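Whatever order the structure lists ligands and atoms in, that order sets their numbers, starting from 1. Just so it is clear, the model here is predicted, and its values are computed rather than measured. The analysis underlying the following values was restricted to heavy atoms, covering all of them including side chains, and did not include hydrogens, waters or symmetry mates. Residues: numbered from 1 along the sequence shown.
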Amino acid sequence: MSGPVINVYGAGLAGCEAARAASSMGVRVRLTEMKPGKYTPAHKSPGFAELVCSNSLRSDSVTNAVGLLKEEMRRLGSLVMAAADATRVPAGSALAVDRVAFSDYITRAVLSDPLIEIVREEAVSVPEDGITVIATGPLTSQALADFIAGELGCPGLHFFDAAAPVVDGSTVDTGIAFYASRYGKGDADYLNCPMTKEEYDAFYDALVGAREAELHGFDREAQKDPEVFEGCMPVEIMARRGRDTLRFGPLKPVGLSDPRRPGREYYAVVQLRKENEAGTMFNLVGFQTHLTFPEQQRVFRMIPGLGSAEFLRYGVMHRNTYLDSPGRLGPDYMLSSRPGVYFAGQITGVEGYVESAGSGLVAGINAARRALGLPRAVFPEQTMLGAMAAYVSRGGLGPFVPMNANFGLIAPLEQRVRGGKAAKYAAYAERSLAAVEQTRETLFPRGKETCNESNS
Ligand SMILES: Cc1cc2nc3c(=O)[nH]c(=O)nc-3n(C[C@H](O)[C@H](O)[C@H](O)COP(=O)(O)OP(=O)(O)OC[C@H]3O[C@@H](n4cnc5c(N)ncnc54)[C@H](O)[C@@H]3O)c2cc1C
């Protein structure tokens with residue numbers, strides 16, 4: 001068989017999606033997977049696209065960001081979505097799958113694809129020439145991680161993710177929270193949530209008593225590293241050092257006053273920092289945490305101003321290999337310093353099963369287009385696929401943190417819609433799906449090359 005070949009490293013969610021996207025465009029793929037010769041600490045089965053933890057792919061409603069992402073992927077012929085739809089199990093409004101059947105479906109599709117050759121070995125370097133998609137995931141093997149950080153010129157590769165929760169800016173009660181910077185220095189970019197002593201005490205007691213998420217053995221090991229631990233101590237652990245420790249740390253109230261209530265002093269203040277120019281996303285400063293997601297919602301909503309806050313992402317602390325992508329990867333997921341080298345999946349800084357597969361779809365389409373001599377395809381930021389790629393390539397205002405799909409990333413609506421949040425999300429969905437249809441028409445004018453056709 002002749003024609004261009006692209007290398008894809010890692011037969012996980014992103015790698016399988018990328019490989020199949022490329023093969024469905026007529027491009028040959030060499031897919032390298034180190035299992036079963038070598039396993040990451042989380043992978044256990046020799047099959048491809050292994051779901052290492054939950055079997056849920058989260059909401060299936062298009063008025064939810066990850067639900068919308070799924071629908072966009074379906075319309076572009078995603079293999080992962082075809083597998084999920086074929087192997088779903090009852091889970092209310094969520095899309096959950098039988099994990100064995102899901103992996104079997106994808107493994108069979110990839111193995112039976114005449115354009116995909118499988119190589120069962122650990123990838124440790126990237127060829128000088130040609131096209132390679134690196135989709136080796138959050139637990140990329142050390143040898144390849146060293147190569148990426150060294151010879152591939154991506155210093156600042158992160159091995160641990162300690163992220164604070166991010167809330168939707170429009171759900172913060174600005175009748176309570178106020179814009180100000182400490183001592184009035186610089187622009188008033190922070191939203192400050194003031195606390196009285198009674199509010200602080202109630203919050204403190206809830207925080208120190210809240211339930212923490214279970215740790216994987218390898219996460220526990222990573223956190224024994226004092227640099228990791230002291231550098232990003234979970235807020236609940238810091239709180240346990242003493243009732244007032246937070247008030248002298250991230251909740252320090254000094255130098256912060258509400259311009260609407262001059263002279264008023266507060267017992268403690270939680271600061272929210274803008275995550276993006278548009279101010280749709282705000283980060284709880286210093287709130288990296290191990291708490292379970294429901295506990296984060298319960299406890300952090302006790303902070304004045306956050307009573308109805310919507311969490312766009314929860315705080316996490318786990319081992320996670322990811323690039324410092326902004327400025328390094330383009331919105332097509334290609335490394336600017338090494339044309340022809342693409343990244344896909346969690347290693348790019350997207351977070352979650354569906355998000356990883358979604359970035360694999362975009363990277364795979366782009367790698368194939370490059371192999372075919374076609375210009376790159378940048379997805380519109382009105383779509384979740386495009387919004388995630390834009391976030392990865394540009395980042396936000398603060399340090400780059402991995403992010404799951406959320407409506408804080410998507411381009412704001414051109415016009416205000418009446419009807420509250422539900423109407424706003426429905427408008428995002430309608431606009432995005434129209435944009436995806438248009439993109440599909442442009443990329444696959446005859447409608448032949450999408451994976452849907454070849455899956456049927
Ligand atoms: C422990 C854990 C639990 C998680 N739980 C969830 C969850 O419940 N829900 C959720 O949405 N997300 C979860 N995630 C986050 C993330 O969405 C998943 O890890 C997802 O599988 C990432 O997809 P990926 O394709 O980027 O990587 P993976 O699916 O991990 O695929 C990477 C593949 O590359 C292979 N590989 C690694 N190094 C090499 C190499 N050098 N050469 C060849 N092959 C290599 C691996 O064996 C693996 O098959 C979890 C992550 C971890 C680590």
Visitor: Can you tell which of E121, E351, M34, E17 gets a heavy atom nearest to atom 44 (N) of ligand 1?
Guide: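 Ranked by closest heavy atom to atom 44 (N) of ligand 1, first place is M34.
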
Visitor: Below 4.0 angstrom from a heavy atom of E122, which ligand 1 atoms are there? Numbered from 1 as shown, please.
Guide: 41 (N), 42 (N)

Visitor: Any nitrogen or oxygen of E33 lying under 3.5 Å from a nitrogen or oxygen in ligand 1? Just yes or no.
Guide: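 N/O-N/O distance below 3.5 Å exists for this pair.
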
Visitor: Applying the side-chain hydrogen bond (donor to acceptor under 3.5 Å, both in side chains) criterion to S432, which one of E71, E72, Q382 satisfies it?
Guide: E72

Visitor: Keeping S325 on the side-chain end and V392 on the backbone end, is there a donor-acceptor pair under 3.5 Å?
Guide: no

Visitor: When you compare ligand 1 with I347, is there at least one nitrogen or oxygen pair between them that comes in under 3.5 angstrom?
Guide: no

Visitor: Please verify the inter-ring angle class for F287 with F203; under 30° counts as parallel, over 60° as perpendicular, anything in between as tilted.
Guide: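 Because their plane-to-plane angle lies in the 30° to 60° range, the rings of F287 and F203 count as tilted.
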
Visitor: Under 3.5 Å between some N or O of ligand 1 and some N or O of G15?
Guide: no

Visitor: Which ligand 1 atoms, with their elements, are less than 4.0 angstrom from a heavy-atom of T32?
Guide: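 It comes down to these atoms of ligand 1: 43 (C), 44 (N).
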
Visitor: Taking only heavy atoms of G345, which atoms of ligand 1 are found under 4.0 Å from at least one of them?
Guide: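 It comes down to these atoms of ligand 1: 26 (O).
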
Visitor: Check each atom of ligand 1 against the heavy atoms of A14 and keep those under 4.0 Å away; list them by number with element.
Guide: 25 (O)

Visitor: For E212, does the CD atom have more than 12 heavy-atom neighbours from other residues, nucleotides or ligands under 6.0 Å away?
Guide: yes

Visitor: Would one find more than 12 heavy atoms of other residues, nucleotides or ligands at under 6.0 Å from atom CD of E430?
Guide: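 Incorrect, the count does not exceed 12.
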
Visitor: Nearest to atom 36 (N) of ligand 1 by heavy atom, T136, V124, I134: which?
Guide: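 Selected option, by shortest heavy-atom distance: T136.
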
Visitor: Side chain, backbone, both or neither: which part of A135 comes within less than 4.0 Å of ligand 1 when only heavy atoms are counted?
Guide: backbone

Visitor: At a 4.0 Å threshold, what atoms of ligand 1 neighbour a non-hydrogen atom of S54?
Guide: 8 (O)

Visitor: Using salt bridge (Lys or Arg N to Asp or Glu O under 4.0 Å) as the criterion, list what pairs up with D146, not counting sequence neighbours.
Guide: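 Residues passing salt bridge (Lys or Arg N to Asp or Glu O under 4.0 Å) with D146: none at all.
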
Visitor: Taking only heavy atoms of L13, which atoms of ligand 1 are found under 4.0 Å from at least one of them?
Guide: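 The list of qualifying atoms is 20 (C), 21 (O), 25 (O), 29 (O).
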
Visitor: Would you say R211 has more than 12 foreign heavy atoms packed within less than 6.0 Å of its CZ?
Guide: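 Not buried by this count: 12 neighbours or fewer within 6.0 Å.
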
Visitor: Judged on heavy-atom distance to atom 6 (C) of ligand 1, which of Y353, Y9, F343, F147 sits nearest?
Guide: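 Looking at heavy atoms only, the winner is Y353.
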
Visitor: Heavy atoms only: which of V52, L139, V354 is nearest to atom 50 (C) of ligand 1?
Guide: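 The nearest heavy atom belongs to V52.
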
Visitor: Which of the atoms in ligand 1, numbered in the order shown and given with their element, are less than 4.0 Å from a heavy-atom of A123?
Guide: 40 (C), 41 (N), 42 (N), 43 (C)

Visitor: My understanding is that we take every heavy atom of each candidate and find the minimum distance to atom 26 (O) of ligand 1. Doing that for Q346, Q142, K35, which one comes out nearest?
Guide: Q346

Visitor: Are F160 and Y322, when compared by the centres of their aromatic rings, separated by less than 6.0 Å?
Guide: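 When the ring centroids of F160 and Y322 are compared, they turn out to be at least 6.0 Å apart.
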
Visitor: Quick one: does ligand 1 sit under 4.0 Å from the side chain of S356, the backbone, both or neither, non-hydrogen atoms only?
Guide: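 The part of S356 near ligand 1 is the side chain, not the backbone.
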
Visitor: Give the atom numbers and elements of ligand 1 that come within less than 4.0 Å of a heavy atom of L144.
Guide: 41 (N)

Visitor: Between G352 and ligand 1, does any nitrogen or oxygen pair lie at a separation below 3.5 Å?
Guide: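 Yes, G352 has an N/O under 3.5 Å of an N/O on ligand 1.
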
Visitor: Working to the nearest 0.5 Å, report the span between CE of M81 and CG of L57.
Guide: 6.5 Å

Visitor: Please indicate whether any nitrogen or oxygen in H43 is less than 3.5 Å from any nitrogen or oxygen in ligand 1.
Guide: yes

Visitor: Between R394 and E381 (salt bridge meaning N to carboxylate O under 4.0 Å), is one present in this structure?
Guide: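 A salt bridge is present here (some side-chain N lies under 4.0 Å from a carboxylate O).
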
Visitor: I'd like to know if E121 pairs up with K35 as an ion pair, taking the criterion as any Lys NZ or Arg NE/NH1/NH2 lying under 4.0 Å from an Asp or Glu carboxylate oxygen.
Guide: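 Here E121 does not pair with K35 in a salt bridge, since their nearest N and O are not under 4.0 Å apart.
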
Visitor: For the aromatic rings, using the six-membered ring if either is Trp, is the centroid distance between F407 and Y428 under 6.0 Å?
Guide: yes

